[in-house]
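One structure below.
Numbers here simply count residues along the sequence, with the first being 1.
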Amino acid sequence: LSDFTVQDCVCFLDSDRPIVYGNIADLMRAKGLVPEDASEEVALQAFDESVRTNLPFAFAFSMTRFTFSYTDNLLIGAFAFVPACLDRWAGLAHGVPMRVFAVDALNTLFRILAIVPLTFASMECLGSCSLHWRGPQEWLVVVFALVLGLVIIIGCSSE
């Protein structure tokens with residue numbers, strides 16, 4: 001974005017370019033970012049500068065939020081781990097000691113409340129930090145994140 005200029009942008013129809021430029025210039029004047037009597041060229045230069053200055057921060061801000069909320073993570077964890085816990089609960093009628101069920105229920109609760117959200121958050125942070133990487137580095141991060149997530153989830157699932 002440091003070299004952005006609206007003149008280098010691609011229009012679907014090149015005949016639309018004057019309309020697009022005129023609308024951008026009108027927007028810049030209406031927002032008070034250039035004087036009302038500013039030429040289209042001055043308005044477009046101000047637009048270019050605004051994009052170079054403001055857009056990277058807007059992207060950075062949007063990238064700092066997690067894709068899944070904590071509630072989403074709780075639901076994912078519940079669907080992943082509650083069925084096994086319910087199996088143990090059913091086992092109470094068939095001689096499984098209450099303490100085994102209680103420990104399993106607490107373990108399941110820990111997985112749902114902590115392990116799943118932390119796993120997703122760490123995988124997303126790892127992915128976000130490496131967005132600029134290409135080629136082998138990119139694939140290495142993807143594979144590492146997947147393996148990390150699987151190791152954590154499967155490791156917590158083993159008896």
Side-chain angles (χ1 to χ4, degrees), residues 1-12 16 20 23-24 27-28 30-34 43-159:
L1 288 176
S2 62
D3 297 327
F4 175 83
T5 178
V6 73
Q7 281 84 6
D8 291 341
C9 292
V10 177
C11 284
F12 182 73
D16 289 343
V20 172
N23 287 338
I24 291 172
L27 173 71
M28 297 303 284
K31 296 286 284 175
L33 299 172
V34 295
L44 292 177
Q45 287 173 352
F47 177 76
D48 290 347
E49 189 57 36
S50 178
V51 167
R52 286 185 219 117
T53 304
N54 298 322
L55 207 53
F57 294 110
F59 278 130
F61 177 72
S62 70
M63 298 304 286
T64 59
R65 291 181 268 162
F66 291 109
T67 304
F68 295 113
S69 69
Y70 185 69
T71 306
D72 295 335
N73 283 313
L74 293 179
L75 287 171
I76 292 168
F79 284 118
F81 296 113
V82 167
C85 189
L86 292 175
D87 264 355
R88 293 280 177 140
W89 185 41
L92 289 175
H94 300 285
V96 173
M98 182 60 154
R99 66 180 168 75
V100 171
F101 171 72
V103 167
D104 189 56
L106 289 173
N107 189 8
T108 299
L109 193 61
F110 175 70
R111 291 180 207 162
I112 293 170
L113 296 177
I115 297 297
V116 170
L118 288 173
T119 300
F120 278 104
S122 55
M123 288 172 63
E124 191 165 352
C125 284
L126 182 62
S128 295
C129 293
S130 61
L131 286 175
H132 62 283
W133 291 348
R134 297 287 178 257
Q137 289 177 324
E138 180 181 28
W139 284 105
L140 183 64
V141 169
V142 168
V143 169
F144 179 75
L146 288 173
V147 169
L148 174 68
L150 288 172
V151 164
I152 292 171
I153 297 293
I154 292 171
C156 287
S157 298
S158 61
E159 299 295 319

Could you measure the distance from the [atom1] atom of [X] to the [atom2] atom of [Y]? Nearest 0.5 Å is fine.
| X | Y | atom1 | atom2 | result |
| --- | --- | --- | --- | --- |
| Asp16 | Cys11 | CG | SG | 6.0 Å |
| Cys9 | Ile24 | SG | CD1 | 7.5 Å |
| Gln7 | Asp48 | CD | CG | 5.5 Å |

* To do: Using the test side-chain hydrogen bond (donor to acceptor under 3.5 Å, both in side chains), find all partners of Glu49 that sit at least two apart in sequence or belong to another chain.
  => Arg52, Thr53
* To do: Please identify each residue that fulfils side-chain hydrogen bond (donor to acceptor under 3.5 Å, both in side chains) with Asn54, with sequence neighbours left out.
  => Ser50
Using atom types as modelled, flag every donor-acceptor pair under 3.5 Å from a side chain in residues 114-122 to any protein atom, sequence neighbours excluded.
{"unit_1": "Thr119", "atom_1": "OG1", "unit_2": "Ile115", "atom_2": "O", "d": "2.7"}
{"unit_1": "Ser122", "atom_1": "OG", "unit_2": "Leu118", "atom_2": "O", "d": "2.9"}
{"unit_1": "Ser122", "atom_1": "OG", "unit_2": "Thr119", "atom_2": "O", "d": "3.0"}

For [X], what residues pass the side chain to side chain contact (heavy atoms under 4.5 Å, CB included) criterion, not counting sequence neighbours?
| X | value |
| --- | --- |
| Val103 | none |
| Val10 | none |
| Trp89 | Leu86, Leu92, Phe101 |

Throw together a table of side-chain donor-acceptor distances under 3.5 angstrom for residues 69-84, partners on residues two or more places apart or in other chains.
{"unit_1": "Ser69", "atom_1": "OG", "unit_2": "Thr71", "atom_2": "N", "d": "3.4"}
{"unit_1": "Ser69", "atom_1": "OG", "unit_2": "Asp72", "atom_2": "N", "d": "3.2"}
{"unit_1": "Ser69", "atom_1": "OG", "unit_2": "Asp72", "atom_2": "OD2", "d": "3.2"}
{"unit_1": "Tyr70", "atom_1": "OH", "unit_2": "Leu113", "atom_2": "O", "d": "2.8"}
{"unit_1": "Asp72", "atom_1": "OD2", "unit_2": "Ser69", "atom_2": "N", "d": "3.1"}
{"unit_1": "Asn73", "atom_1": "ND2", "unit_2": "Ser69", "atom_2": "O", "d": "3.3"}

* **Residue pair Thr5 / Gln45, side-chain heavy-atom distance below 4.5 Å** => no
* Side-chain heavy atoms of Phe47 within contact of Phe4, under 4.5 Å -> yes
* Asked: What heavy-atom pair brings Val34 and Ala46 nearest, and what distance separates the two atoms?
  -> CG1-CB, 3.4 Å
